[in-house]
Enquirer: 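Next up is a structure, given as structure tokens.
Below, read A as the first sequence line, B as the second, and so on, with proteins coming before strands; counting in each chain starts at 1.
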Number of protein chains: 2
Amino acid sequence: MKRVNIKDIAKELGTSIATVSRALNGKEGVSDELRKKIFEKAKELGYIANGLARGMKTSKTFTVGVLISDIRNPYFSEVISSMERVLYAKNYNLMICNVGENPEREKKYINLLVSKNVDGIIAAPTGDEKNLPLYKKLVRHGIKVVLFDRIIGDLQTDSVIVDNEAATYEAVKYLNRFGHRRIGAIYGIEKSYTGSERLKGFFEAVKDFKMECKDEWVKGGEFNEEKSYKCALEILSQKYRPTAIIAMNNFTTLGVMRAVKELKINVPDELSVMGFDDAEWMKVCSPTVTTMVQPTDVIGMTAATLLLDAVEGELVRKPQKVVLKASLIKRNSVGFVEK
Amino acid sequence: MKRVNIKDIAKELGTSIATVSRALNGKEGVSDELRKKIFEKAKELGYIANGLARGMKTSKTFTVGVLISDIRNPYFSEVISSMERVLYAKNYNLMICNVGENPEREKKYINLLVSKNVDGIIAAPTGDEKNLPLYKKLVRHGIKVVLFDRIIGDLQTDSVIVDNEAATYEAVKYLNRFGHRRIGAIYGIEKSYTGSERLKGFFEAVKDFKMECKDEWVKGGEFNEEKSYKCALEILSQKYRPTAIIAMNNFTTLGVMRAVKELKINVPDELSVMGFDDAEWMKVCSPTVTTMVQPTDVIGMTAATLLLDAVEGELVRKPQKVVLKASLIKRNSVGFVEK
DNA sequence: AACTCTTTTCAAAACAATTCACATCCTTAT
DNA sequence: ATAAGGATGTGAATTGTTTTGAAAAGAGTT
């Protein structure tokens, strides 16, 4: 069945499409009486504006693309949920693009979003250098871009990140207070933005607090459970092992906890575990996990708000860089080191 | 900066836009030589087709709306991730719409999706009667609809669901094998499709296996952790209480586990817990949770495939109803009842 | 040279909205 | 009576693409 358009309304009312458009969009130049009639007729016919046609003319689509690595990661689903809340209020739709850590997908999705004339893109970029020009092109072409979680190169655009370096530094500092002198870590993707920053903070703290940290105690390579589990097994099977271990995202934390369980290591008596990110399971597993959490709702809200500002604001303003702090949630996986 | 369009390409090459369009879309009637030149020029100028204009003409947008209650629910994020995988392969985008259990949001989002001329909608409907006409209108207007997780009324459209009744029936049956004769339950939204089906299967099994089930042992009302936690506390604080309890989705399961932990009830020795849905935490908490899981990836894949079939298929076919089975994952929260 | 046939190309008409520049109407002032 | 001015309404252009019917060009046949 054909959709009703303003032409139909105009014809029914014996007026012109221009007038109908003006009336429906709340522009002046239409008498109150006629305007009312137009609204009534629109409702009666079940008129819904055609966003494509409107978008063509106004070059505004009320659509925002969101590039993330994996929607199944609670970190991302929480951030997105929070973005969705602010965008929904302004009648925007979100296009979710799972790019994994795959630059090819990132590229294809960006082009798809451009072809759909999205008003803006909120992205946690893979960080691959070869897609940097793509992002720059977006900015040049007037598609607003807000980066979150990770930033790349010298892209002149808004961004919302967490001070990852400080986060792991604080985590180590906290462990230090519990008397830990031997420390290990499970990291994620070394050369990713978050991965490297978190490692940096870790090593810095290790140095500052004069802890012992052997190469064999620091392993990783991927932000996933399986890899982290294996790395944790390796680290913890050593005869001489750390008294505390720090994981660098939610999946790695999960891997560590699984390894610990399998090796029947008592946490926190024999080993303290510091997690990263928060997840439901950390509240119910035994022991519950002490962890550095990122303020996912603030991240999402801020990113969405920045994008809306950029999209709806008339004037061009300087790129903003919002840096948020991670915070420590104290639960039961960290304890004093055994004498 | 202005986007390059086919007119620009045509002008540069001294040909007509019709020819450029034909060449780029792989239609015949363009000499190989000219076609090659057109492709080269398009690449050189960085041409990306304008989806709005294309959509106007072809009334195809390569966009699919997805209505769910909450992206933070791992059940939904897994299903969506799986949908995304199949839709991405065919160059479709997903518009995620978090509707909570709110019919108003559902209505607004559906209208938004219509205005954006999505090719189809995959929805887990709230089930509110007053939005049924909206869904019917979609179908009438040629927007393909695939329902999943829940179905509503007499809507003539494809659907993918799990046999929820059988799922809880099987769960109780399993508990019966462990000698449980007194059983309780934490349910979700009674009048929701999934909620009522699961309850139905539960009561049926309770009757069939001649179990004892007091009214005070069956509580619920919302599919969330807090409410379920409170209900579980109430049930388990009673002097005469069930030896097994069954939760009816992932959040309710989490609530039960928290209550159990707080009451220092030993699971499975003092109480067996049967969960529903799967989640990371169920694998790491103590004890790990035995649970009825829905095949999220199959659900997502099937729903997306059905939608693609409907959207891309020429001929109209009968609405399909795919019913999948939940399966039991045996872990450690269910044990033999104490003598 | 005139004709058919095939291949290649083009001009113009949609698609549904917005918007600019006019046109019309009515009132009021000169 | 005429002019001015404000309010209200209209026609037509515009947005970028696809698509259709027709035209042009080239090749082969008579």
Side-chain angles (χ1 to χ4, degrees), chain A residues 1-39 41-42 45-63 111-112 114-119 141-142, chain B residues 1-39 41-42 45-63 111-112 114-119 141-142:
Chain A
M1 233 195 310
K2 205 182 133 299
R3 274 241 315 263
V4 178
N5 57 29
I6 52 171
K7 211 161 152 187
D8 298 331
I9 299 177
K11 203 187 293 170
E12 287 258 326
L13 255 34
T15 178
S16 76
I17 55 170
T19 305
V20 175
S21 171
R22 298 259 272 334
L24 258 21
N25 289 307
K27 303 247 163 119
E28 54 185 14
V30 187
S31 62
D32 289 351
E33 192 195 6
L34 182 53
R35 186 187 300 270
K36 199 172 146 231
K37 269 202 276 185
I38 288 173
F39 266 96
K41 184 58 82 178
L45 299 179
Y47 169 77
I48 298 178
N50 185 325
L52 295 184
R54 175 176 286 169
M56 284 229 72
K57 194 65 186 126
T58 61
S59 55
K60 187 127 184 22
T61 52
F62 287 90
T63 306
N111 284 330
L112 231 41
V114 170
S115 83
K116 292 196 172 139
N117 296 55
V118 293
D119 296 329
H141 278 260
Chain B
M1 231 195 311
K2 207 184 132 298
R3 276 248 304 271
V4 177
N5 58 28
I6 51 172
K7 212 162 152 186
D8 297 329
I9 298 176
K11 202 188 294 170
E12 287 259 324
L13 255 34
T15 178
S16 77
I17 56 170
T19 306
V20 175
S21 170
R22 298 261 268 340
L24 258 22
N25 288 309
K27 302 249 164 119
E28 52 185 15
V30 186
S31 62
D32 288 350
E33 192 195 8
L34 182 54
R35 185 186 300 270
K36 197 169 147 234
K37 269 203 275 185
I38 289 173
F39 266 96
K41 184 58 82 177
L45 299 178
Y47 169 77
I48 298 178
N50 185 325
L52 295 183
R54 176 175 285 170
M56 284 229 71
K57 217 28 213 160
T58 61
S59 54
K60 188 128 182 22
T61 52
F62 287 89
T63 305
N111 283 331
L112 230 41
V114 170
S115 84
K116 292 197 172 140
N117 296 55
V118 293
D119 296 328
H141 278 260

Enquirer: For residues S16(A) and A10(A), report the shortest heavy-atom separation together with the two atoms involved.
Expert: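 Shortest heavy-atom separation between S16(A) and A10(A) comes out as C-CB, 3.7 Å.
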Enquirer: Can you list, by residue number, the residues of residues 53-60 of chain A that have a non-hydrogen atom closer than 4.0 angstrom to DNA chain D?
Expert: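 Those residues are M56(A), K57(A).
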Enquirer: Extract, from 5' to 3' on DNA chain C, the first and final nucleotides lying under 4.0 angstrom from some heavy atom of chain B.
Expert: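 The footprint of chain B covers dT8(C) to dA16(C).
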Enquirer: Under 4.0 Å, heavy atom to any atom of DNA chain D: which of residues 19-29 of chain A qualify?
Expert: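 Nucleic-acid contacts, sorted: T19(A), R22(A), G29(A).
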Enquirer: In whole Å, I'd like the distance from the CG atom of D8(B) to the C1' atom of dT17(D).
Expert: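 Distance check: D8(B) CG to dT17(D) C1' gives 13 Å.
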Enquirer: Given atom CD1 of I17(A) and atom C1' of dT15(D), what is their separation to the nearest angstrom?
Expert: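 Answer to the nearest Å: 14 Å.
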Enquirer: Examine distances only and state if a side-chain atom of T63(A) and a backbone atom of T61(A) form a donor-acceptor pair shorter than 3.5 Å.
Expert: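 Yes, the answer is positive, given that a donor and an acceptor are paired below the 3.5 Å cut-off.
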Enquirer: In the structure I gave you, are the side-chain heavy atoms of N5(B) and N50(B) within less than 4.5 Å of one another anywhere?
Expert: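 No, too far: nothing below the 4.5 Å cut-off.
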Enquirer: How bent is the helix from dA1(C)-dT30(D) to dT30(C)-dA1(D), measuring the angle between the end axes built from five pairs each, rounded to 10°?
Expert: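 For the helix from dA1(C)-dT30(D) to dT30(C)-dA1(D), the axes at opposite ends meet at about 80°.
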Enquirer: To check you understand the geometry: which heavy-atom pair defines the closest contact between I6(A) and Y47(A), and what is its length?
Expert: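 For I6(A) and Y47(A), the tightest heavy-atom pair comes out as CG2-OH, 3.4 Å.
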Enquirer: Can I get a per-line list of side-chain donor-acceptor pairs under 3.5 Å for residues 22-32 of chain A, giving both atom names and the distance, sequence neighbours left out?
Expert:
residue : atom : partner : partner atom : Å
N25(A)  : ND2  : S21(A)  : O            : 2.9
N25(A)  : ND2  : S21(A)  : OG           : 3.4
S31(A)  : OG   : L34(A)  : N            : 3.4

Enquirer: Does some side-chain heavy atom of K2(A) sit less than 4.5 Å from a side-chain heavy atom of D8(A)?
Expert: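 A side-chain contact exists here, since the closest heavy-atom pair is under 4.5 Å.
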Enquirer: Which part of the nucleic acid does L34(A) contact within heavy-atom distance under 4.0 Å: base, sugar-phosphate only, or nothing?
Expert: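 Sugar-phosphate: the residue L34(A), judged by heavy atoms under 4.0 Å, touches backbone atoms but no base.
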Enquirer: Please identify which of these residues, T15(A), L13(A), V4(A), meets the side chain to side chain contact (heavy atoms under 4.5 Å, CB included) condition with K41(A).
Expert: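 Only one of T15(A), L13(A), V4(A) forms a side chain to side chain contact (heavy atoms under 4.5 Å, CB included) with K41(A), namely L13(A).
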Enquirer: So, does R3(A) use its side chain to make a donor-acceptor pair with the main chain of N117(B) at under 3.5 Å?
Expert: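 It does not hold such a pair.
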Enquirer: What are the two closest heavy atoms between A49(B) and S115(A), and how far apart are they?
Expert: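 Scanning both residues, the minimum pair turns out to be O-CB, 3.2 Å.
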Enquirer: Show me the donor-acceptor pairs, under 3.5 Å and distance only, between side chains in residues 51-60 of chain B and residues at least two apart or in other chains.
Expert:
residue : atom : partner : partner atom : Å
T58(B)  : OG1  : R54(B)  : O            : 2.8
T58(B)  : OG1  : K60(B)  : N            : 3.3
K60(B)  : NZ   : Y92(B)  : OH           : 2.6
K60(B)  : NZ   : D119(B) : OD2          : 3.1

Enquirer: How many whole angstroms separate atom CG of L52(A) from atom C1' of dT15(D)?
Expert: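 That distance rounds to 12 Å.
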Enquirer: Expressed as a whole number of angstroms, how long is the span from N117(A):CG to dG16(D):C1'?
Expert: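 Rounding to the nearest Å, CG of N117(A) and C1' of dG16(D) are 10 Å apart.
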